[in-house]
Amino acid sequence: MHKRFRQVFCALKEHTSVSYAKIATFGGFCDVDLIIVKATAPDDLPLPEKYMHELVKIFSFSNSSFHSFSLSFTRRFGNTRSWKVALKCLILLNRLLRSLPEDSPVRAELLWIRSNGLLSLYPCHFRDDSSSNPEAYTVFIRSYAQLLDQSLDCFSLDNKATEEEVMHESLQHKIKQVSRKLELLPRLQSLIDRVLDCIPTGVAPRSLIVHQAMKHIIRDSFVCYTTFRREIVLVLDNLLEMPYRSCVSAFGIYKKAAMQAGQLCEFYDWCKAKGFCGSFEYPFIDRIPQIHIQALETFLNGMWQLTNQSSSSLTTSPSSWVEFKSNSTEDDDQGKQVVKTNTLIKISSQLERSEENGFASNFELGKEEVAPLIQLEEGEDDNWEALLEASLNTSSHDHRKNFLVYPNSFLQWLWRWTWV
């Protein structure tokens, strides 16, 4: 009886607010607060785009409207106990963050209100009182709110330097750029984790409003993944010129990316089955085989042996470890240089053997040996027709056999094998 009373009271309260906003707007009085109330009406229809366009129009000629929107949004989202109103508020915020430029005052106003404790997207204290199954909607809205809370802290993801600019950069500047990317990549992975948490359960996927919210969430994940894929390739390409600690950070990011790739594939398959977005919109997910993780881990272990018992080497680029000091006379220093040189010579000799074979098929990772990319049956000739037929027959069984790799260095061989 008490639960039923709360549902009736919540519905009456929300419909009264919307009716007042419509009457006030019909009388010629219109402001940001009334537009938000009308846009987030507690009905089963998706959020109308016209209200979002009205807000953008108001923002274009009134600077004070940014602060008014932040306060109205905080009040509307914080006071409601209807999942329809709360979800429409989040969809409206998501659309505005995507449509407005990154330097828009809306983001600054929302961050200021959040820092003062007026807006709480995470932790989100919303609780649904308007439906018979409040748990499913409450969990979904809290997950969505956490995703938007982290999105407020992210800056533009589209600013990137071209490959030509990177090639002409100095080594010191390149290391700084890679360090910034190492700070950005974990934030992108965190956003992907939040996207994976936004899976509606129970009766929630049947709602048209949830369908609309999932489409915005999935399309934002496309941007996050494609940006992450582009940035991680640039980081791995410059791994040999990075300090050891940065290499370890990059390895942790790369290892987590291998796990997230499988999770994203399952998530996108589920979204396709539910009809969220078109199948042509989904990006191709590159699965990272475990052998690549082992290869990079083996390489970093070799770097650790070179830097062991040397505190200064933690801030030195690995590419400079092979340089000999002309004024070094101590036996310990000479012994360390011999170990460093022998280790790098061993790696380079393995690469030379792989280059002589035409592809990186005989490169040994620990005790494992990678099989040749193309295997001919007994009695077959090695002419071009037999090689072409064998490559077509084997490409469907092993994904890694789709590419011929000619490594110039160990790291180039590793990431080109994965991402090209």
Side-chain angles (χ1 to χ4, degrees), residues 18 21 25 30-62 65-78 80 82-111 113-114 119 121-122 124 126 137 140-158 191 194-195 198 200 204 207-227 271 276-278 281:
V18 175
T25 304
C30 182
D31 62 357
V32 174
D33 186 61
L34 296 178
I35 294 177
I36 294 177
V37 172
K38 291 193 301 180
T40 58
D43 51 30
D44 295 326
L45 300 177
L47 177 71
E49 290 290 327
K50 65 176 182 178
Y51 296 116
M52 196 272 296
H53 295 310
E54 289 180 8
L55 289 175
V56 173
K57 184 178 179 180
I58 293 176
F59 292 156
S60 62
F61 62 80
S62 177
S65 59
F66 296 108
H67 185 69
S68 300
F69 169 79
S70 301
L71 293 178
S72 300
F73 173 83
T74 301
R75 181 166 53 251
R76 182 64 169 163
F77 180 74
T80 185
S82 172
W83 71 267
K84 298 177 182 179
V85 175
L87 187 54
K88 287 186 177 181
C89 286
L90 296 179
I91 295 174
L92 179 64
L93 178 61
N94 193 357
R95 292 285 290 112
L96 288 175
L97 291 178
R98 183 191 298 176
S99 302
L100 296 176
E102 292 292 334
D103 56 350
S104 175
V106 171
R107 187 185 298 271
E109 290 290 342
L110 290 172
L111 290 174
I113 291 178
R114 189 186 66 176
L119 177 63
L121 293 175
Y122 179 73
C124 180
F126 171 78
Y137 297 109
F140 178 73
I141 290 175
R142 289 182 178 181
S143 300
Y144 193 13
Q146 185 179 0
L147 171 63
L148 294 180
D149 183 75
Q150 292 193 9
S151 299
L152 287 175
D153 298 324
C154 290
F155 297 96
S156 177
L157 304 179
D158 297 329
L191 284 176
R194 301 290 76 79
V195 169
C198 295
S207 172
L208 295 177
I209 309 175
V210 176
H211 272 242
Q212 185 185 23
M214 287 300 300
K215 290 181 180 179
H216 296 309
I217 293 173
I218 295 170
R219 290 192 176 103
D220 289 343
S221 70
F222 298 162
V223 179
C224 290
Y225 177 74
T226 53
T227 305
C271 293
F276 301 140
C277 300
E281 299 183 55

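Quantities reported herein were computed from a predicted structural model and do not represent experimental measurements.
With sequence neighbours left out, Phe222 forms a ring-ring contact (aromatic ring centres under 6.0 Å, His included) with Tyr268, Tyr282.
Here the side chains of Leu110 and Leu93 are in contact, with some heavy-atom distance below 4.5 Å. The side-chain heavy atoms of Ser207 and Trp83, taken from C-beta on, include a pair separated by under 4.5 Å. Considering only heavy atoms from C-beta on, Phe77 comes within 4.5 Å of Leu121 through its side chain. Annotation: side chain of Tyr144 is not in contact with side chain of Cys124 (no heavy-atom distance under 4.5 Å). When side chains are defined from C-beta on, Ser221 counts as touching Ile218, because their heavy atoms get closer than 4.5 Å.
The aromatic rings of Phe69 and Phe59 sit perpendicular to each other, their planes meeting at more than 60°, with 30° as the lower class boundary.
In this structure a side-chain-to-backbone donor-acceptor pair under 3.5 Å is missing from Thr80 to Arg76. Of the possible donor and acceptor atoms, none in the side chain of Ser62 sits under 3.5 Å from a partner among the backbone N and O of Ile58. Thr226 places a side-chain N or O within 3.5 Å of a backbone atom of Val223 that can act as its donor or acceptor partner. Side-chain atoms of Lys88 never come within 3.5 Å of backbone atoms of Pro42 as a donor-acceptor pair (strictly under, hydrogens ignored).
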List, one per line, each side-chain donor-acceptor pair under 3.5 Å for residues 208-215, sequence neighbours excluded.
| unit_1 | atom_1 | unit_2 | atom_2 | d |
| --- | --- | --- | --- | --- |
| His211 | NE2 | Pro205 | O | 2.8 |
| Gln212 | OE1 | Leu47 | N | 2.8 |
| Gln212 | NE2 | Leu47 | O | 3.3 |

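A salt bridge links Asp149 with Arg114: the closest approach of a Lys/Arg side-chain nitrogen to an acidic carboxylate oxygen falls below 4.0 angstrom. By the 4.0 Å N-to-carboxylate-O rule, Asp44 lies close enough to Lys84 to be salt-bridged with it.
Going from atom CG of Leu96 over to atom CZ of Phe73 covers 9.0 Å, rounded to the nearest 0.5 Å. The line from CZ of Arg142 to SG of Cys198 is 13.5 Å long, rounded to the nearest 0.5 Å. The structure places CD1 of Ile35 at 12.5 Å from NE2 of His53, a figure rounded to the nearest 0.5 Å. Separating the CG atom in Leu55 from the OG atom in Ser68 is a distance of 11.0 Å, to the nearest 0.5 Å. Taken to the nearest 0.5 Å, the CG atom of Leu119 stands 4.5 Å off from the OG1 atom of Thr74. Taking CG of Asp33 as the start and OG of Ser65 as the end, the distance is 13.0 Å to the nearest 0.5 Å.
Closest approach of Leu90 to Ala145, counting heavy atoms only: CD1-N, 3.9 Å. Heavy-atom minimum distance, Leu100 versus Val56: CD2-CG2, 4.4 Å. Of all the heavy atoms in Ser70 and Glu109, the pair that sits closest is OG-CB, 3.1 Å.
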Could you check Tyr137 against Leu87 for side-chain contact (heavy atoms from CB on, under 4.5 Å), going step by step and ending with a plain yes or no?
CA-CA 9 Å; Tyr137 297 109; Leu87 187 54; over 6 Å; no
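Looking at Arg98, Arg95, Arg194 one by one, the single match for salt bridge (Lys or Arg N to Asp or Glu O under 4.0 Å) with Asp220 turns out to be Arg98.
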